[in-house]
Each structure stands twice: as C-alpha cells, then as structure tokens.
Amino acid sequence: MLNRRNFLGSATTLPFAAASSPAAEAAMNRSYDVKAEINPELKAHGAIFERKIHRIGDNVYSAVGWSGCNTIAVVGSDGIIIVDTGTDLQSAQEVATELRKMTDKPARAIIYTCFHLDHIGGVKGFASDADVKQGRVAIIAHETFLANVIRQGRTIAPALGARTAYNFGNFLEGADIEGMNNGTGPLPRRNVKASFIAPTMTFAKTLDITIAGIAMHLVHVPSEAADEIAVFLPESRTLLSSEVIPAQHFPALHPLRGEAYRDPVAWYRSIDLLRGFKAAAMVPSHGLPVIGEDKVEEVLRNYRDAIQFVHDQTVRHMNKALVPDELAETIRLPPHLADYKPWLQEFFGSVSQSVRAIYQGYLGWFEGDPIALAPLPRVERARREIDAMGGRERVLAVAQTAFDDADLQWSAELATRLIRADRSDTAARQLKAAAFRRLGYAQINATWRNWYLSAARELEGFDFVAYARNNVAAFVSPDLIMALPAKAFLETLTTRLKAEDTLEVTMTVGFSFPDVGEAYYFRLRRGVAEVDENLAGATDLTLTLDKAVLDRIQLGQLTMRNAIESGLVKASQGAAPDAFRFFGYFEAPLATPIQLVTR
Ligand SMILES: [Zn+2]
C-alpha cells in the first residue's frame, strides 16, 4: 500500500496493483475514454461573464468578467468609490485601466463587501499602501472582516486552500476548462498575485457616509458571508447588492469548499431589508446588473422565496426525522421558482447541498442512529465489505458493469471501497475517475463539475508536487501576512502543536516584537498552547524578534533556525537550544497540497 504522505506520481508512473487473474488482468488493461464536454446550459451561461464595463445610470460602472468578482466604480465629484476589487492584482490593474478611459478621478474609498478572496485581492490595483496611510483612500468593511480574513488566510488555510483549488478547478487543464465558466464568474486566472490592505473604517450595523460627493448608506446584511455589506446610493436609488443577490444562479447556501454555517433565515431577511430600499437598479458583485424597480423587486422576491422555501421545507421534514440523504431526495424547488431563469438555476449553488447544510446547521453531524457513534475504521470497513461481497475481483466486475450501464454513482461507490482498502488499486482508481468524468461533464453546476473532474485527476495520479512547484499560491498574499498582527501568527501556531510530543511539557515562552510593540506569553501546557496577553510571572525562555523578521519567516524567505542562529531572533540568556526545542514542538506547514479523494 502507498504511503499517503509520500504518494506522488503521474498517470504513467502510477504503481499498478499485481494482477491476480485473467479477469483482473483485463480490468487493468481497460482504458476509459470519456469525452470532455460542457453541459450546454452551463456553457451558454458563460455569456454573462463576457468582459465588459456595464454602465448603470449616470455614474455607476460594473466591470464584469475580469475576475471571479465584479468591480463596481461609483464616480463622484472629485473621486471614485471602488466596491470590491476582484481576486488578483493583474485583473484589478486591467479594470483600473478601463475605468481611466471613463474618468481620471482618483479613488477616494474602497469597500470590501465581504472577506472572500475574490473581493479583496485586487486592492492594490486601485490604491497603494501610501494612499491609505496618508488618508487619501479609506478602506471600508464590516467590523468582523479582519477576524474572517485571519480564519480564512491563516487558521484553516491548508485545508481550505486545497478544497478551494478543487472547488474552482485550479488543477484542470485543456479540454476540461476550455469554454468553461465557474457558475458565478469566469475561471480563475493562473499564476496571479493577490494583494491586501487592511480596512481603515469599519462598522457594525449601518454606516451613512458621503465620499467624493456621493451619499452612501452601507448596511450589514449577513448572507453569503457573515460580514456581508450592501451599499445603497439614495440619490440614484441604486443598490449594490454584493452577494446577498450574488449573481444569476441559485445561491451557495453552503459552499462545497467549506465555510461556517450560512444561516438561510438571516439571508432571506437580509434580502427583505434590501427590498425596503425600492431600488431602481441593482448591481450585484457577480453577474449582470438588473434595471427597473419592478424587475429588481421581482428578482429579490423570487430569490428570497427560494431560500425560505428550501429552509422551511427542510425544517418541516427534519422535524419528521428525515436525515440529510432523505432530505436531499425530498426537497425540490416548486416549478415557478425552479423555472425562474437564469436566477434560480443551479449553476453555482444547489438545493441538495443546501438541504444537507441546513440539517447540520441545526442538529450537527449525528443523524440519531447510534450506528454512527463508533463506526469501524474506514479501511477496515472497506475490507470487510469487499470480503462480504465476494472479494476484490467480484466487486470490480460489478463496478465495471455498473459503469457500462451508466449507473455511475454505484460504480464509483464500489470503486471507492476498493481504493480505501488499497490506494494503489489502479483499476479501481481509473474506473472511479472515469465515472467521475462522466458525472462531471453532465453537470449544470460548475462547482460539482470542478469537484468531479479534480477528483478524477487525483485518482488518475495528478502530480501535485509539480503543480505546487509551478503554481504560485495566490491564496495567501504576502501583503496579508504583513498586515496581520504578530498575535495572529501565535494563535495559528497553537493549531500546529504536536500534542503527542508535548503531553509532559510545561513551558512559558515570552514573545516580544519591538518594531510593532506587541508582546505575549505563549504557555505550553501538556498538549495545549495558550496565547496570553497578561504578561505576568516567570518565563522559561524569552524570544525577541521584529515582526518584519517574523514576516520573512512566514513568507518562507528565512527559516526560524537561521533566524535564531543569525541573531535575528534573540533568545534570552543565549538559550538557543531551548528555542530550537520549542519550535520543534510544532508541525511545519505542508510542503505539498493536500489530496482529498485517495484517502
Ligand atoms: Zn464573491
């Protein structure tokens, strides 16, 4: 069996399981040729994301198609307000160039409507650090924005980064991505850089402010993100609806890449709040603007009804003890909502994934049957199931027949058991990959398609190591690391503690970052590490380093060992050995991307 950590290989170097019979031999040699194509409705949906600056009224422009997220510009008397910056610097610079054809007025404010990367990464295309520091440009966001950025970009970044790459098809190539869109925007660009500048102005519920002569009413509207804000321009009655109404697709009430629970009740109530503005035009952060008060109200009403329908019917049936699989089979949008095209088509979110999340949001993972309390270990269970079904060859044969009968889910489920029992079972891997390709190509939902096809690549032996070497990770920008307090580093460090090695260790380490005036006690106590701002009591070791040095270490430009040896990190009483021992208690960041399917 392969060692998971060290597993790498391409389709040609994939280790083959030994063939034990003529039938197995035939299975090994079987090749599956599944033709790359795009579901016709999903393909046609891509027209929405054609690169274009849409003008709304006299002074609002929405740049659609340059990046995953639109950038909206509101032109005022002596400057412009930028709402959302796009994912990356290159896209933002291109949009800024387009906008300069309309106006040469400088940016006065940048509004992040939520913490998602596609809204924040392009900020330096519109303003520099100096513009912000010297007060020429205000950066506005919700008060919980930075905490969300830290969770996304530091705390759970390894897991979320891998899942986000699958979600948006970052590993896909050639015919698999040609002519594709991501349901809510164009495909992400490869090898781009993200930038970051922290907010300079935040608020809790509402903010009324006039910038560059433009009166704006900002309002907190939890929905696709917990820190979502929308902007209403009372003079032109234009609503910048952020991701409360994200785009022309059914909402991601739950995103497959993973996020904290998105409460559907808060979401449709946020839409009702927006309905109260009676806007004459609505400009969402993804997709196309909507013009006309009646049309805006129609979209908002149908959208909130779809969300409330899914929520209420899920709860109704959950209260009759239905579990997520049954709920997903049961809950369907009624025809008048399902046919409200393109707004409620499942190009990005889907009803079934939402239903499962709502169950989890209310009741958690346990469905009520204690069979789930102490299940057999995954590998052990797979082996016993294969045995009970008559052995590997029998299971493989049934799986292949199912594939030939287009019974793809069953085929992939059987192959999954074989792969769990033996990750090097090439025949099972290729079969499951082929089933996933057929499932993926048929999908109207772009994220489901991306997950099926990315999983197929992993099963086919995609070379993740080469991928990591050749692709700049835009997930965490150097700007972000430099903008965060040193405390964020220490709080992330606690989640890398090798608890099993420290169950007998008690140690207090003082951290001092003189250039930013931050200081903490880091208390290691038998498998738990606590970050303490109360600097009282003795320390076993004190480490003094500039935040600038910490940034270089986090950016991979310097190792902690080199920093200690060269004196950039000063250990108290020359206790460098203690410092080495201390940092040895923490897991190094993963060098290669996580693999999700061959587990
Ligand atoms: Zn977005």
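Residue numbers start at 1 and run along the sequence shown. Keep in mind that what you see is a predicted model, and the values were worked out from it rather than measured. Atoms within a ligand are numbered from 1 in the order they appear, just like the ligands themselves.
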Cation over ring, R151 on F115, under 6.0 Å and within 45°? yes
Whether D118 has an N, O or S atom under 2.8 Å from the Zn ion (ligand 1): yes
Salt bridge check, R275 against D272: does any charged N sit closer than 4.0 Å to a carboxylate O? yes
What I'd like to find out is whether the side chain of D118 reaches to under 4.5 Å of the side chain of D84, using heavy atoms alone. no
Any N/O/S atom from H119 (main chain or side chain) under 2.8 Å of the Zn ion (ligand 1)? yes
Report the atom name of the nearest N/O/S atom of E243 relative to the Zn ion (ligand 1). OE2
Verdict with reasoning, K278 to E297, per salt bridge (Lys or Arg N to Asp or Glu O under 4.0 Å): CA-CA 7 Å; K278 303 201 177 309; E297 164 60 15; over 6 Å; no
Just checking: H286, one of its N/O/S atoms, less than 2.8 Å away from the Zn ion (ligand 1), yes or no? yes
